[in-house]
Amino acid sequence: MSTTFPLCYSHNAGSSENLRRDISAKTDHNHALAMNQRVPKSARTIRTQSKIAKISTRRHNLPGTRDLLSYVNLGSMQDALHLFENMRKCDPFVWNVVIRGLTSNGNYEEAIDFYYRMQFEGVRADNFTYPFVIKACTGSFCFIEGQKVHSKLVKVGFDLDIYICNSLIVMYAKLRLIELAERVFEEMPVRDLVSWNSMISGYVSIGEGWNALFCFREMQELVGLRPDRFSTISALGACSLEGTLRCGKEIHGLTIRSGFEWDVMVQTSLVDMYTKCGRVDYAERLFESLSNKSIVLWNAMIGGYSLNGKPLESFACLKKMLEDDNFNPDVITAISLLPSFAQIGALLPGKTIHGFAIRKGFLPHLVLETALIDMYGKCGKVKFARKIFNHMSERNLVSWNAMIAAYVQNGHNSEALELFQDLWREPFNPGATTITSILPAYAEVALLREGKQIHSYITKLNIGSSTFISNSLVYMYAKCGDLQTAREIFDRLLNKDVISWNSVIMAYAIHGFGENSVKLFSEMREEGIKPNASTFVSLLTSCSIAGMTEEGWEYFNSMKTDYGIDPGIEHYGCMLDIIGRSRNLELAKRFIDEMPLVPTARIWGSLLVASRHNRNIELAELAAKHILSLEHDNTGCYVLLSNMYAEVGRWEDVERIKRLMNNGGFERNTGYSTVENNGKTYKFNNLDMSHINTSLIYDVMYIISKKIREDIYVHNVTKFRPLDVIRKRLTSPECHSVRLAICFGLISVSLGSPVLVRKNIRICEACHSAAKKISEVTGREVVVGDPKMHHHFRNGRCSCGDYW
DNA sequence: AGTTACGGCC
């Protein structure tokens, strides 16, 4: 085998085992090309020379030195410092010993203080002092001090010392100033293995795996250095980062050839690498073959199962760890295990881990708390998640992301947006993960202006070309009422996947433009994209909103026969909406009875809406009973039923429901509508009088109401009216928020542009019919987005075909 | 007397 190895500069790989054979690598020039060339040019020209020893031969005979050393080496810094204060301190050696002690005990600030004190007392820092001080700057993330120390050591001519330069490389890499690390590396006259290793691990620590691997190869091929365990561990970390199994296997081969496949840390890194590259099977085989397992190795394997969506194996691995090796689970075990419980929504085991962590004193712990937030979020316990978030003494971007995702996953969109707003006041900037989590919340509740803002931030982050993000944007623009922009983003998208198509089909669906959805579906098939289950959710939603009953049935039937997709519960839900539209309640009821899946609250919800449209209170009561047995806090259900009772004047039942809601502690969602003008958002409640132009708005509303011939109850409240009339007046639709918002929109939004209103709850029938008339008499397009869809009112008609 | 190090959260 005489191939050149891209990563391992070594020859004969001889081994009989399968795994080892797998590993014997083939050349892959693409990988070399993929790694962009970040490594300093001079690295390729200067060859490492033998290390120039710079060992101080000074003798250290000051009294107490021996004791000082042993105190420091034993870690008793108290004693060391006490002794130090009583010593003569003319020799840098004693200072170095103390600074080293402080640094290795994590007292970085104090170490830096001693460095300054030393200079103040006239003792010159020597070549041994600087690595300790630089390490202290690294540990305390102190860039300013680091720079000062760096310029000082250049002045006194220590910038050629290999130990000092190596420390500087690590410092700059840890401070994420990789360019400075590269410059130190580049300007070194002599580099040793540690210099290279520091550069490699530096690239890994900032997430630049390919640069690390490139560096790893350069070290071997151009300089002829053999990687040691440090280089190997870092290089494996780089493979994990990039998920490159091929490179990982090559390095595995190298470890076997170099003989440090028996190194415990290397073994752990290998297991980790295989799980991160998606090969739990390789990791497992390696893991099983190791006889001396450390807690770190067990944790790596448990975490590997979690990562690869194998929660049960992860849990089994924990049990084996407890039985076989009697290891005590540590904080990392807990952290590795939690994603498993999160995945399967296993609240109880998750809580057990939480309790265990509390008993063990693991908390507070940034990463553990974040993992708990994630677990509680995925188990539907947003309140628990928030409680942990609130109590955290320290938070990073990941914790924020986890909390935001917890809100979004559970439909708490407004809370998610509020938290996202708070995030801007924190010292870290939202990243791609944050955006990915928050975009669905923007789609559900944000205004177009806010959506545009987040879009421009996405452009600034340079993640707009990501198919995943673009798909979310398509849906978000559609949900915010801007179908045109949604379409433009879709059209510009270079790599359209099935989700892109699903999104754009859904975009037209929620605006009631069914023909466009159907057209896109056939275009999609022409492009050779295979529809999936979600495609049919989009399509059937489109058919239901646009009232395309026949097409709906056709698609529903073709799912199984033509595409081999079994209809899921969402598909049955869409069909029920379609049936509901056709006013055939009998069929709707039968459809539920005969469907092969257990009806969910959403299914009964469809029946409830259908009953409401057909004014069938008995069926509505049945649907409501089922909904409330599944979701006792479904306020929408109470309200709908109560409205139905009110419409027929059954006030006792209205009261009964009101009492039920009060007893349950559920509050009716107060309806509001928002409209934008000139970059400002205007929010209206029912009967809103708070707006600066209130009288003008109400004037417009009066005129409009007259024009569309509605009776007016507003502003003439008198004391002695029959009860139901008073009730009716208090809820009179003329001053429903949406009406006020439309009126404000009519006078503020420039002519020619549609009036865009967003509403948090379903638009009521009276307002719907009024909006149609308004569009007719004013000749303007009014678009009202409610949680389900966007009603396009044009020339007296609505895109929903009067069923919503 | 000094420099590099495995497993963790979205």
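Hydrogens, waters and symmetry mates play no part in the numbers below; they use all other heavy atoms, side chains included. In this text, all values refer to a predicted model and were calculated from it rather than measured experimentally.
Rounded to an integer number of Å, the gap from Trp196(A) CH2 to dA5(B) C1' is 19 Å. We find that CG of Asp159(A) is positioned 22 Å from P of dG2(B), with the value rounded to whole Å. As rounded to whole Å, 13 Å separates atom P of dC10(B) from atom CE of Met392(A). Taking atom CD1 of residue Ile162(A) and atom P of nucleotide dA1(B), one finds them 20 Å apart after rounding to whole Å. When rounded to the nearest whole Å, the span between CG of Asp161(A) and P of dG2(B) equals 13 Å. Distance CG (Asn166(A)) to P (dA5(B)): 11 Å, rounded to an integer number of Å. Regarding Leu241(A), its CG atom lies at a distance of 10 Å from the P atom of dG7(B), rounded to whole Å. Put simply, CD1 on Ile164(A) is 17 Å from P on dA1(B), counting in whole angstrom units.
Close to dG2(B), at under 4.0 Å from its OP1 or OP2, lies no side-chain N or O of Lys135(A).
Counting any heavy atom pair closer than 4.0 Å across all strands shown, Val398(A) reaches a base atom. Lys276(A) comes within contact range of the sugar-phosphate backbone alone, with a heavy-atom separation under 4.0 Å but no base atom that close. The residue Asn96(A) sits close to a base: some heavy atom pair falls under 4.0 Å. Contact annotation for Ser269(A): backbone-only contact, meaning every heavy-atom pair under 4.0 Å involves sugar-phosphate atoms and none involves a base.
Within residues 229-236 of chain A, the residues having any heavy atom under 4.0 Å from DNA chain B are, by residue number, Arg229(A), Phe230(A), Ile233(A). Residues of residues 332-345 of chain A having a heavy atom closer than 4.0 Å to DNA chain B, listed by number: Ile332(A), Ile335(A).
In the set dT3(B), dC10(B), dA5(B), dT3(B) carries the atom at the smallest distance from any side-chain atom of Val194(A). Ranking dG7(B), dA5(B), dT4(B) by closeness to the Val296(A) side chain, first place goes to dG7(B). Looking at the side chain of Ala371(A), the nearest of the listed nucleotides dG2(B), dG7(B), dC9(B) is dC9(B). Set against dG7(B), dC10(B), dT4(B), the side chain of Asn401(A) has dC10(B) as its closest nucleotide. For Phe132(A), the listed nucleotide lying nearest its side chain is dG2(B); candidates were dG2(B), dG7(B), dA5(B). Counting only heavy atoms from C-beta on, Asp374(A) has its side chain closest to dC9(B) among dG2(B), dC6(B), dC9(B).
Here Arg124(A) pairs with Val156(A) under the side-chain contact (heavy atoms from CB on, under 4.5 Å) rule; sequence neighbours left out. Residues passing the side-chain hydrogen bond (donor to acceptor under 3.5 Å, both in side chains) test with Asp374(A), sequence neighbours excluded: Lys378(A). Asp263(A) pairs by the side-chain contact (heavy atoms from CB on, under 4.5 Å) definition with Arg229(A), Phe260(A), Met265(A), Val266(A), not counting sequence neighbours. Shown here are the side-chain contact (heavy atoms from CB on, under 4.5 Å) partners of Arg117(A), two or more places apart in sequence or in another chain: Phe84(A), Glu85(A), Lys89(A), Trp95(A), Phe114(A), Glu121(A). Under the ring pair (Phe, Tyr, Trp, His ring centres under 6.0 Å) criterion, Phe389(A) pairs with Trp400(A), not counting sequence neighbours.
On a pure distance criterion of 3.5 Å, a polar donor-acceptor pair joins the side chain of Asp330(A) and the base of dG7(B).
The list of side-chain hydrogen bond (donor to acceptor under 3.5 Å, both in side chains) pairs with a residue in residues 352-363 of chain A, not counting sequence neighbours, reads His354(A)-Tyr376(A).
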Please tabulate, for the side chains in residues 327-347 of chain A, all donor-acceptor contacts under 3.5 angstrom to protein atoms that are two or more places apart in sequence or on a different chain.
unit_1    : atom_1 : unit_2    : atom_2 : d
Asp330(A) : OD1    : Asn299(A) : ND2    : 3.1
Asp330(A) : OD1    : Ile332(A) : N      : 3.1
Asp330(A) : OD1    : Thr333(A) : N      : 2.9
Asp330(A) : OD1    : Thr333(A) : OG1    : 2.8
Thr333(A) : OG1    : Asn299(A) : OD1    : 2.8
Thr333(A) : OG1    : Asp330(A) : N      : 2.9
Thr333(A) : OG1    : Asp330(A) : O      : 3.4
Ser336(A) : OG     : Ile332(A) : O      : 2.7
Ser340(A) : OG     : Ser306(A) : OG     : 2.6
Ser340(A) : OG     : Ser314(A) : OG     : 3.2
Gln343(A) : NE2    : Ser306(A) : O      : 2.5

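Remark: Glu288(A) engages Lys320(A) in a salt bridge, criterion side-chain N to carboxylate O under 4.0 Å.
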Tell me, with the steps shown, if Tyr172(A) and His150(A) meet ring-ring contact (aromatic ring centres under 6.0 Å, His included).
CA-CA 11 Å; Tyr172(A) 285 128; His150(A) 190 173; 5.6 Å; yes
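Side chains of Ser70(A) and Asp67(A): no donor on one and acceptor on the other come within 3.5 Å. Between the side chains of Glu145(A) and Tyr108(A), no donor-acceptor pair is found at a separation under 3.5 Å.
The aromatic ring of Phe128(A) does not sit over the base of dG2(B); the criterion of centres under 5.5 Å apart with planes under 30° is not met.
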